[in-house]
Every structure is written in C-alpha cells, then in structure tokens.
Amino acid sequence: MPELAKAYEPQQVEDRLYQKWQDGGYFKADPKSTKPAYSIVMPPPNVTGKLTLGHVLNNTIQDILCRKARMEGKEVLWLPGTDHAGLATQTAVEKHLRQTEKKTRHEIGREAFVKRIWDWKHEFGGIITQQLRKIGCSCDWSRERFTMDPDYERAVQEVFVKLHREGLIYRGTRMVNWCPGSLTAISDEEVIPTKQKGSLYYVKYELVSVVAAAVPSGDEFPSGNPQAPPLGTAAATTYLEVATTRPETIMADVALAVKPGGKWAHLVGRKVWRPLHREQIPIIADEAVEEGFGTGVLKVTPAHDKTDYEIGKRHKLPVIDILTPNAKINDPGEHDASELHGLDRFEARKKSAELLKDRGLLVKEEPYENTVGFSERANVPIEPRLSSQWFLKYPNIKEALALLQKGHVKFHPQHWTKVYQHWLENIQDWCISRQVWWGHRIPVWYRVDHTPLIDSSSSPTEIVEVEKFRKDFAKGNLWAPDEILCQIESPGEGWVQDPDSLDTWFSSWLWAYETMQTEDGTRQKFYPTSALVTGPDIIFLWVARMLIAGLHFKPNGAETLETNLAFKDVYFTGLIRDKQGRKLSKSLGNSPDPLELIAKYGADGLRFGLVRIAPQGADIRFDEKQIEEGRNFCNKLWNICRFRAMQGPIDPKADPFQHSRSIFADELLDRLHFLLEGERNAIEALNQYNFSEAASQLYDFVWNEFAARYVEAAKIDFAQTDSPTRAGTLATFDYVMSHVLRLLHPFAPFVTEELWCELGFGAETVQLQNWPVKSPRSKDWSPRAQEIYMTADVGRTLRGEIKLPSNQKIPFFLVTSALVSKKRPLADDQKAVLTAFLNASEIQVLDSPPANPGPKAFTQLGDLYLPATGLVDPGVEKDRLVKELAKVEKDLEQTRRKLGDANMLAKAPPAKLEEWRALEISLGEKEKSLRESLAKLE
RNA sequence: GCGGAGUUAGCUUAGCGGUAGAGCAGGUCCUUUACACGGACAAGGUCGGGGGUUCGAUCCCCUCACUCCGCACCA
C-alpha cells in the first residue's frame, strides 16, 4: 500500500479524479435502465457568466442529491446547461464593443451584432461549465443544453405559436415598465422597488377665473388673479396646490384630479393653468385621489404614470408624452418651458423646480422618501410608458395553486409556499416581448405594405392617435387577419418579422422538459424531475412558470397530474451574504472568487464548509473561516485513514462483529448505529433536505467520536504485542471507515474517492457503492467506554485546574466504587486507555482513599485523586474547590426548589420527579465531599 | 400598509416544554505513534423587550422593537 501524504493535497487529486469519472461514464444517464429514475435539471447559469459562491452552494446541493441517489441504486440524470440571458449578455457584449471599437450596436447593425454575441458565446461560453467541473459536479455533460440550441429555439417558438392560437398570447397596448437604460420593456418581476430620497415639490396651479377662461391661453403670466374673489371665503381660492415628486412631467399634465365629494369638489369643472408649458387643463373628480396625502390634489399625467393612465382612460383625457425612450424631455417648440427640452429627466427635475420657483409657483420643497422601481438590468429607475407589447395570459393558474395546496409539489423550506401562492393569486399578464436583439425572435410576421400603425417604439401620443381609428385597439388587434401571421417560417416575399425578442424566461420556463427532448426516450424516463434546487429570488421568474408550463403543455402526453409536474420537491437555498450581512455583488467587491477558494482549500473543503454552515431557510453569512474548517475536516478524515494504513492493509469486507472487540470498538459501532438509525439521524436529515444538519452530524462523528476517542483508544491496542482484540480493532476501523467514506462522498466527493481507492476498498469507485442506512449495535455493548471517556474528561479538567503543563505526566489514584470494583472491574486495557487519555504516569486503583489525598474529582468510575504533595499549590486548589462548591450549591438549590414546590410535586410527571430526586442526592454527596476537602485545606 | 422569516457567547450557529450545546476567534498549556489544516484545558449566555398559558417556557400564545425577504403602494 502506498504511503499517504502527511496532509490531504486536493490539487494532486481533483482534476485526475474528475477525468477518471468522466472517462468512466459514471455521470451518464441511461434511459433504458431498469433502475428507478432520479433527475434534476440544473438552473442554467448565464452562458457568459462566471462561477459565484451562489452557484457553488446551489450546485453542491444538487450534486449531493445526485450522488446520493446513484449510491441508492437509482438511474440518475443531472442535466446541465446554460442560458442565453438575453439582455444581460447583450449588455456585456455592447459594453465590450464600445470599449474595443468605440461603436454602438446600432452602428454595426442587428445581424452583425448578433454574430458578435455568438462569437463571444463561443469564446467564453464554456467558462462556467468548466468551473462547475472544478467543484465536482456529477452532471451528464453529454446532454448539456443551451437555451438557443436550434431544437430548443424551435420549441420556444412553437410554444409561442400554440399559445397564440389558444388566444393566450396577444398584442396589447399598456403601461409597461420601460427601462431607459436598456431601451426595452421589462416584466413586473424584473422591477426592484427601491427606497429613494428625493423631494416633494408643492406647486401652485392657478385657477382660471370664469372671465379669464375666456381669454385665450398664452397670456402673460398673471400676477395673482385679477378676478379673484375676496379672501377669506371658500370661493377665495385662487390656486390649487399640488404635491409632486416629478415636476419634470408637469408639461404632460392634462388635468388635476380631486376627490369626489371632497373639500375641493366645488371646483370640479373649472380649469387651472398648467404651470409649465402653460395651458388650461380641467379639474376632474376621481376616486383614485386620497385627500389625506399631500394637498389632496393630484396632477394627472397619463403618459408617465400607471394610475394616471387609468384616470385618463376613465375621463377620456388626452395623452401627452414628453419623454424620449431614453428618458430625455421631448417637448419641442416655442413655449414657456422650452429650455427643458432635451434635458435628462433628473436634470429636468431640478431645472423645472427652478423655473417654478422663479415664477413664484413653487410653494415649498420638502425632503421626501418614496419607493421607485428600478430596472434590475440597467439599475436605473424604470419609466412607466405606454407601449405596444406581447403579453401572455397565464394558463392553469388554479391547477398551479392546487399543486402546492394538495402537496403534489413540496417546497423546502415550506414557507415559500405562501409567497408562491400570493403571486399566483394576484397574477398579472406577463409582458414577454423585449426590445432586444439577442434572444428568440418573436414568430410573428407583418405584411410589409401594411406596416403596423404602431409598434413598441411608437410614442404614446402616436398610440393614442391610432386608438381613434381602431375600435378593437384595446385587444391589441392592430392588423386585419390577413395582415399578420403567427408562424415560425417566413410566409415569404412581402412579409417582415416582428423585430422584438422574447423574454429570456419565456424560454427557460420550458427547461425542465424541453432539455430532455431526445430520440432515446430520455423524457419518458426522467420527466417529471425529482427535485429542483434554486434560489428563492426566482420563485416567480422561473419556478412557478415551469410548473405552469408542465401543467399546460403536458410534455409526456399523459393527462394525469403526476406525469405533468415539472418537479416534486423544490429546495430553496439561502442567499449568500458577506460578514456584514450585505448581498454579494460585483460593485461592492465583496464576492469571493470560488476558484481562489478551491485553490486554497480544495473543492471538498469549499463544498463541505459551505454546506455545513448553510442554515435551513435562512441567508448565509459567509466567512472564509468556515471554508477553512471544511478543509481541516477533509484533512482530519485523511489522517484517520492514514493512521489506519500505517497498521497494515485494510480489509474491504471487514466485519467487526466476527472478531472479539474492545469496549471502545463497540462504543464506536454504537455511535455509528445511532448516526444512521437513531432519532433525528443524519440519513433522515439528508432525506429531508437538511444538509447542514447531516453534514454537522458527520463532522461530529468523524472528529469527536472517531478521531478524538476511538483512534486514541486504538493506539493502546496496537501497542500491545499480543492483543486479543487487535483484529477486531482493525476490522472496526475498516468497517467504520467504509461507512464514513460512503456517507461523506456526496458532500466531499474527491477526498472520499481518493481514500477509497488508495486504501484498497476494492471497487474502482466509491460513488456506485451502496448508500449505508443501517449498522447494527454490538450485543456486548456496555457503558464502560463512555465511563472511561468521561472519567478522562474529568481527570483532564483536574489536571488543567492545578495548572500543570500539558505534557507533564503525573500519577492518579482512582478509588473505584463498589459497582466498578465488584461487578465490572476495570480491565487492564481499559486502565491503559484511561492512563493514556490522562497522560498519567500511572493510575493506582484503590479500594479506599489514599492516606494523604490531594485534589479530588467525581467520576462515573469512582473518585479520582491527584497526589497531595509536590504538584499542587494549596491556594490554587482552594480556589478550585470554592468555585466548584458554588456551582454545586447553585444546582442543588435549583433542584431543591423544584422538589419543594407542592404544585410541581402534584403535577409534574413522576419520572421527572425521580430524575430530580436522584440529582438531588448526587449533588448532595458532591457538596458534602467538597466541604470536607475544603476543611482539610484550612 | 399586508404577508413571510429571523433576533441564543465577540462571530457563525444547534436546541422539536423539564439543569442552554457546538465550531471559530481570543486566553493558558503542549510537537506524547495520523493530523499544528493538530491536541489539552479554562473562560465566555439574565436565549431582543414586555405580558400571558403551564407545576415548569429559549421553545406555545399575544404585544412591542429591530433586521432581512416578498407583495402592494400616496402623487
């Protein structure tokens, strides 16, 4: 057997083993297999992205599930792939183009630009999948998919056509979330509400007097109102005050609204002067107005606000659009606010406030915090904008709700169910068109000679113009049936395709089954998938939509619900944050590079460290220390095995129950039994997606039971020349190691595989060995090993308290209790282990206390003494006794209080009372003895 | 504002009604037959505040405070 290195060196192992696994085809899924199927589709990372810690956690968990399933004898498909990530990728390439060639995508044109993105994809698209290999992911790379693979693209378009035929996809004109940064509409789910500090501007809108109303607009600014009624009466009002956060949109105001029947109701029907781009606009009454807020008067700007648009529709108001697609003021012509024209919306805000102030129309400006929707992509405030887009009316909502309610699909942790439910109950149609070049083209064709009257780049004003001509405009039917065709192939000459692309999520919602569409029956075998592992941030964007797709498209052709679930279990990982609790982000520079961490600590260390500390259902505060612990653990495991290897060859089929064993071996086997079968055991924890619990239990078993205790005890056995239990000790080692390596393999695949193979456990790989779920207890087990370990703990504490250097050997006396000395005497080997654990020069076992006893401690084996002379400083000893006495007295008092409480005696369960009584007795004895020892010191 | 999760040692956390448990960091000691990526020991907690239920509450209920995450937003 080759000697193992002194420390585990991941760099020597990882790439070699991954290559071996690939060559061995262990990750390949066989649809023809008779084994039960287990499948997971990987949430596809952005094709040009790089590995983040989030990916590591996410994929490690998937790998754990898959590796465990393989060991359980299932046929496993873990299907990897990447996402074209429309806008994100387009933006990245655009930036690159700007930096390298100082060109915009418009300058090089759509076709050339899309080609650039493909080039980019071919160059960088493999990075992240290579990085996933680095962390050991056991995916079936032969089935890797990309959301823009030709087959996949076709499937996406077919789905569009199908849904269009069903009337679920339609072209509609709505207020959408317009991203002025990336010049496209985005869906509600991509808007991040963000608290913003801004100002609330109080602006005067002067009432047009009945007489003045007759005067044509364009007057000089009236100073005050010549026809104003006397002050002090209700009719004395000469202006209305309006609070707004967006004075730059005043030019687009078309009315003021007040609450019907409210304090300003008497003014309804009158007119005010719009303070910028001065014109008369009416005062209307609308329920949307709340008197409690601001001044109780609302300026109505239908082109630039969702609520205002609704109000505008109700009152048949015109729409005046004064913003360009990139959110600059667009109000050309000669008028009193023409200097705003061309300004960016935020500059215009300041400037218009100044203009108002100059004209005495700004009453005041207050600091104000409100929530503004930001574009997730460009990180700029979105602009509500009237535009014509494609929408999907979600099908199968009720069924999708029932899936979770009836338990066909389970979320882990469960509380995400509510979030899912709430979204489905308040669902809005999905805006699926994007003004983006990189993505799936919308399969809709228009007759060239009947160019659509409007499209997504039309301004709201144009759209409203069209409305006058088209009665069915609201339904989005802008073309006669023979002017528009929804189909994949071009209808030929004279037709032009819709310029827009589909939302990336419109392709990924098919991911769970479309990726499995192959000739060999993969989908039949592996769909529905077993589990999905993802972050809660895409519960709507992806998870819910995949469930809906499964329900609607019934990919396996069968009607039963069970065959159409995209997945049965969804595990939501926590979000990884930094030590201060901030999200990891590029801009903060607080995201550690997983590859650097792998270089420092090994892939297994990273995996194990991350999984062990990831709390269930909560965010993770990342600290590199935890990864270090992961590495240290792997090294610990390595060295247990190394130690064993030094004792001779291992027996892969070792059965410790065939040999006579030490009590220490039985103790370890007992612990293993409980690890696998006890209450809340590690296996169960793992089955319930409680990864950190399972990892922690394994960590504790390996480190504290195996290494700290068993290995130390076994050294005594190995040191003896004619030990009758030596063979049993070796067999126990081999047996437990075999279990531990298999149990840890899903968490730490590399180190376990390397050890399995290097130690000669027989099979060529650990990953197809059976998953251990059972291990018997020894019939001979006795509590003696525990007693010795605990006695050692007590003795070490005693040593520590008299402040001896750790390495100084000292004698102990053990006055064994009647039970120990008569019924189960302390055997020589047991005494030897205790001696070693205590680093004692010797242990004298006595029947009665030594003549001149020193410091004393109570143990399960009897009273443990140190020699009185030489070693002990009386002052130190006295402090120790006083301190311990105080603790005992406190415990005793607490116990006696319980036992003295009549209520408690009457109502507490008898078993508990017994426990407390026993405790009282033993504490009482301790107290007495401590007092005696103290008295002797006086 | 509505809904969800959380608040336990300096940090990260376990604790599922019966004397609060671990790892790390910090402290002291130690290179004794694997491991200094190690070993030994000690110290560190009125379990966010306040009520209630119970013989007994870190745990169940109510309430307040703060943090995080959804959703809806008042211009």
Side-chain angles (χ1 to χ4, degrees), chain A residues 4 6-8 188 193 200 242-246 257 288-290 292-301 305 307-308 370-371 373 413 415-423 425-426 536-537 539-540 575 577 579 581 583 601-602 605 612-613 615 617-623 625-626 628-647 680 692-693 696 699-700 703-704 707-708 711-712 715 718-719 793 796-801 803-809 836-837 839 890-891 894-895 898 901-909 911-912 915-916 919 923:
Chain A
L4 294 180
K6 195 174 167 187
Y8 172 54
D188 295 342
L200 197 54
V242 175
T244 179
T245 53
R246 304 199 64 187
V289 180
E290 274 191 47
F293 185 86
T295 59
V297 185
L298 174 68
K299 73 187 203 58
V300 183
T301 321
D305 184 280
T307 316
D308 291 6
N370 66 340
T371 310
H415 67 256
W416 292 110
T417 306
K418 275 218 166 185
V419 177
Y420 169 90
Q421 216 168 309
H422 186 259
W423 181 72
E425 281 164 357
N426 298 282
D537 48 333
I539 188 165
F540 315 134
L575 243 51
R577 295 168 176 279
K579 268 167 115 176
K583 276 189 187 174
Y601 304 111
R612 189 166 77 99
I613 52 108
D619 290 352
I620 296 145
R621 300 253 180 151
F622 180 77
D623 183 349
K625 277 278 168 213
Q626 294 151 343
E628 196 181 328
E629 282 176 45
R631 174 197 62 177
N632 296 352
F633 176 70
C634 293
N635 188 55
K636 195 59 159 176
L637 181 69
W638 178 266
N639 271 289
I640 293 172
C641 293
R642 177 167 182 253
F643 175 73
R644 169 60 188 85
M646 289 167 132
Q647 315 303 320
R680 288 200 277 274
S692 63
E693 172 66 21
S696 301
Y699 180 98
D700 183 64
W703 205 299
N704 299 322
V711 172
E712 293 307 317
K715 283 178 185 171
F718 294 151
D793 286 346
R796 284 166 164 179
T797 304
L798 201 58
R799 280 187 66 114
E801 277 167 342
K803 302 205 163 36
L804 276 182
S806 310
N807 60 343
Q808 189 176 337
K809 286 191 191 294
F837 273 57
N839 197 22
K890 194 185 141 216
D891 290 351
Q894 216 171 41
T895 311
K898 278 190 213 166
D901 186 331
N903 244 333
M904 213 167 233
L905 288 177
K907 298 199 177 172
K912 270 291 154 213
E915 237 175 74
W916 292 334
L919 188 65
L923 285 173

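The shown structure was predicted, so the numbers you read here are calculated from the model rather than taken from an experiment. Chain letters run A, B, ... following the sequence lines, proteins first, then strands; residues in each count from 1.
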Asks: Would you indicate whether the side-chain heavy atoms of A:W703 and A:N632 approach each other to under 4.5 Å?
Replies: yes
Asks: What's the gap between B:G10 and B:A25 when it is taken at their C1' atoms, as a whole Å value?
Replies: 8 Å
Asks: Does A:P805 offer a backbone N or O that forms a donor-acceptor pair with the side chain of A:Q808 under 3.5 Å?
Replies: no
Asks: May I have the distance from A:Y420 (atom OH) to B:C71 (atom P), rounded to whole angstrom?
Replies: 16 Å
Asks: List the residues meeting ring-ring contact (aromatic ring centres under 6.0 Å, His included) with A:Y601, not counting sequence neighbours, and say none if there are none.
Replies: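 A:Y601: no ring-ring contact (aromatic ring centres under 6.0 Å, His included) contacts found.
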Asks: Return the value, rounded to whole Å, for the distance between atom CG of A:D619 and atom C1' of B:C68.
Replies: 7 Å
Asks: Rounding to the closest angstrom, what is the interatomic distance between B:G21 and B:G45 at atom P?
Replies: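 The answer is 14 Å between these two P atoms.
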Asks: Which atom pair, heavy atoms only, marks the closest approach of A:N839 to A:K809?
Replies: OD1-NZ, 2.8 Å
Asks: Quantified in whole Å, what is the P atom distance between nucleotide B:G6 and nucleotide B:C60?
Replies: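 Pairwise P distance, B:G6 against B:C60, rounds to 10 Å.
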Asks: I need the OH-P distance between A:Y699 and B:G23, as an integer number of Å.
Replies: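 Answer to the nearest Å: 8 Å.
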Asks: Taking A:G605's backbone N and O only, do any of them form a donor-acceptor pair with A:R631's side chain (distance below 3.5 Å, no angle check)?
Replies: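 A pair under 3.5 Å: no.
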Asks: Under 3.5 Å, is there an N or O donor on one side and an acceptor on the other linking the side chain of A:R680 and the base of B:C16?
Replies: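 Pair found.
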Asks: Given the C1' atoms of B:U12 and B:A75, what is the spacing between them in whole Å?
Replies: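 Comparing C1' positions in B:U12 and B:A75 gives a spacing of 45 Å.
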Asks: Quick one, A:L298 and A:D308 - any side-chain contact, counting heavy atoms below 4.5 Å?
Replies: yes
Asks: Taking all non-hydrogen atoms of both residues, which atom of A:A257 and which atom of A:V300 are closest, and how far apart?
Replies: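 Looks like CB-CG2, 3.7 Å.
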Asks: Applying ring-ring contact (aromatic ring centres under 6.0 Å, His included), can you list everything that pairs with A:Y420, at least two apart in sequence or on another chain?
Replies: A:F411
Asks: Could you tell me whether A:A906 contacts a base, only the sugar-phosphate backbone, or nothing, with contacts defined as non-hydrogen atoms closer than 4.0 Å?
Replies: nothing
Asks: Which dot-bracket string fits RNA chain B when only Watson-Crick or G-U wobble pairs with both atom distances under 3.5 Å count, crossing pairs get [ ], and | stands for a partner on a different strand?
Replies: (((((((..((((....[..))))..((((.......))))......(((((..]....))))))))))))....
Asks: Summarise protein proximity over nucleotides 33-38 of chain B in one line of letters, 5' to 3': B for base, S for sugar-phosphate only, - for none, counting protein heavy atoms closer than 4.0 Å.
Replies: BBBSBS
Asks: Listed by chain and number, what are the ring-ring contact (aromatic ring centres under 6.0 Å, His included) partners of A:W916, not counting sequence neighbours?
Replies: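 Not a single residue meets the ring-ring contact (aromatic ring centres under 6.0 Å, His included) criterion with A:W916.
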Asks: Can you name the atoms? Protein N/O to nucleotides 7-10 of chain B N/O, anything below 3.5 Å, with the distance.
Replies:
none

Asks: Rounding to a whole Å, what distance do you find between A:K803:NZ and B:C41:P?
Replies: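 Nearest whole value for this atom pair: 15 Å.
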Asks: Under 4.0 Å, counting only non-hydrogen atoms across every strand here, what does A:D700 touch: a base, just sugar-phosphate, or nothing?
Replies: nothing
Asks: Please identify each residue that fulfils side chain to side chain contact (heavy atoms under 4.5 Å, CB included) with A:D793, with sequence neighbours left out.
Replies: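 Checked A:D793 against side chain to side chain contact (heavy atoms under 4.5 Å, CB included); matches are A:R709, A:R796.
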Asks: Side chains of A:W416 and A:I539: closer than 4.5 Å at any heavy-atom pair?
Replies: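 Touching, per the 4.5 Å side-chain cut-off.
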Asks: Would you please name every residue forming a side chain to side chain donor-acceptor pair (under 3.5 Å) with A:E712, sequence neighbours left out?
Replies: A:K715
Asks: 5'-most contact on RNA chain B: A:D793 or A:N370, nearest heavy atom basis?
Replies: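 Whichever sits nearer the 5' end wins; that is A:D793.
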Asks: Kindly indicate whether the side chain of A:I613, heavy atoms from C-beta on, has any atom under 4.5 Å from the side chain of A:F622.
Replies: no
Asks: What pairs of nitrogen or oxygen atoms, one from the protein and one from nucleotides 29-32 of chain B, lie under 3.5 Å apart?
Replies:
unit_1, atom_1, unit_2, atom_2, d
B:C29, O2', A:S806, N, 2.7
B:C29, O2', A:S806, OG, 3.2
B:C29, O2, A:S806, OG, 2.6
B:C30, O3', A:N807, ND2, 3.1
B:U31, OP1, A:N807, ND2, 2.8

Asks: A:R621 side chain: which of B:U19, B:A75, B:U12 is closest?
Replies: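 Given the options B:U19, B:A75, B:U12, the side chain of A:R621 is closest to B:U12.
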Asks: What contact category does A:L919 fall into here, base, sugar-phosphate, or nothing, at under 4.0 angstrom with non-hydrogen atoms?
Replies: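 The residue A:L919 makes base contact.
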Asks: For a quick test of reading the model, state the closest non-hydrogen atom pair linking A:R621 to A:Q626 and the distance between them.
Replies: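 Nearest heavy atoms, A:R621 then A:Q626: O-OE1, 3.5 Å.
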Asks: Please state the P separation for the pair B:C59 and B:U53 - nearest whole angstrom.
Replies: 15 Å
Asks: Take A:N704 and A:R246, find for each the nucleotide of RNA chain B with the closest heavy atom, and name the residue whose nucleotide sits nearer the 5' end.
Replies: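 Taking each residue's closest nucleotide, the earlier one in sequence belongs to A:N704.
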Asks: For A:F837 and B:A40, what is the distance between atoms CZ and C1' respectively, to the nearest whole Å?
Replies: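 In whole Å, B:A40 C1' lies 12 Å from A:F837 CZ.
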Asks: Measure the acute angle between the ring planes of A:W638 and A:Y8, then classify it against the limits of 30° and 60° as parallel, tilted or perpendicular.
Replies: tilted
Asks: Polar atom pairs between nucleotides 54-63 of chain B and protein, under 3.5 Å, N or O only, would you list them?
Replies:
unit_1, atom_1, unit_2, atom_2, d
B:C55, OP1, A:K907, NZ, 2.7

Asks: Taking B:C68 as the reference, what is the distance to B:A9 when you measure between their C1' atoms (whole Å, please)?
Replies: 23 Å
Asks: What's the closest nucleotide to the side chain of A:D891 if the choices are B:U19, B:G3, B:G70?
Replies: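 Given the options B:U19, B:G3, B:G70, the side chain of A:D891 is closest to B:U19.
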Asks: Whole-Å distance between B:C41 C1' and A:R799 CZ?
Replies: 10 Å
Asks: Send over the distance from A:L575 CG to B:A5 C1', rounded to a whole Å.
Replies: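 The answer, rounded to whole Å, is 13 Å.
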Asks: Examine distances only and state if a side-chain atom of A:N635 and a backbone atom of A:A7 form a donor-acceptor pair shorter than 3.5 Å.
Replies: no
Asks: Using the P atom in both, what is the distance from B:C37 to B:G48, to the nearest Å?
Replies: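 One P to the other, the span is 37 Å.
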Asks: Among B:G18, B:C24, B:U12, which nucleotide sits nearest the side chain of A:K625?
Replies: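 Ranking B:G18, B:C24, B:U12 by closest atom to the A:K625 side chain puts B:C24 first.
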Asks: For A:K907, check side chain to side chain donor-acceptor pair (under 3.5 Å) against everything at least two apart and list the hits.
Replies: none
Asks: Between A:T307 and B:C74, is there a side-chain N or O to OP1/OP2 distance below 4.0 Å?
Replies: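 Indeed, a polar side-chain atom of A:T307 lies that close.
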Asks: Rounded to the nearest angstrom, tell me the gap between atom CH2 in A:W416 and atom P in B:G70.
Replies: 8 Å
Asks: Taking atom C1' in both B:U8 and B:A20, what distance in whole Å separates the two?
Replies: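 Each nucleotide's C1' atom is 8 Å from the other's.
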Asks: Which part of the nucleic acid, if any, lies within contact of A:E290, taking any heavy atom under 4.0 Å across all strands shown: a base, the sugar-phosphate backbone alone, or nothing?
Replies: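 Base: the residue A:E290, judged by heavy atoms under 4.0 Å, touches a nucleobase.
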Asks: Apply salt bridge (charged side-chain N to carboxylate O under 4.0 Å, His left out) to A:R612 and list each qualifying residue two or more places apart in sequence or on a separate chain.
Replies: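 Counting only residues at least two positions away or on another chain, A:R612 forms a salt bridge (charged side-chain N to carboxylate O under 4.0 Å, His left out) with A:E629.
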Asks: So, does A:R246 use its side chain to make a donor-acceptor pair with the main chain of A:D305 at under 3.5 Å?
Replies: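 Between the backbone of A:D305 and the side chain of A:R246 there is no qualifying donor-acceptor contact (under 3.5 Å).
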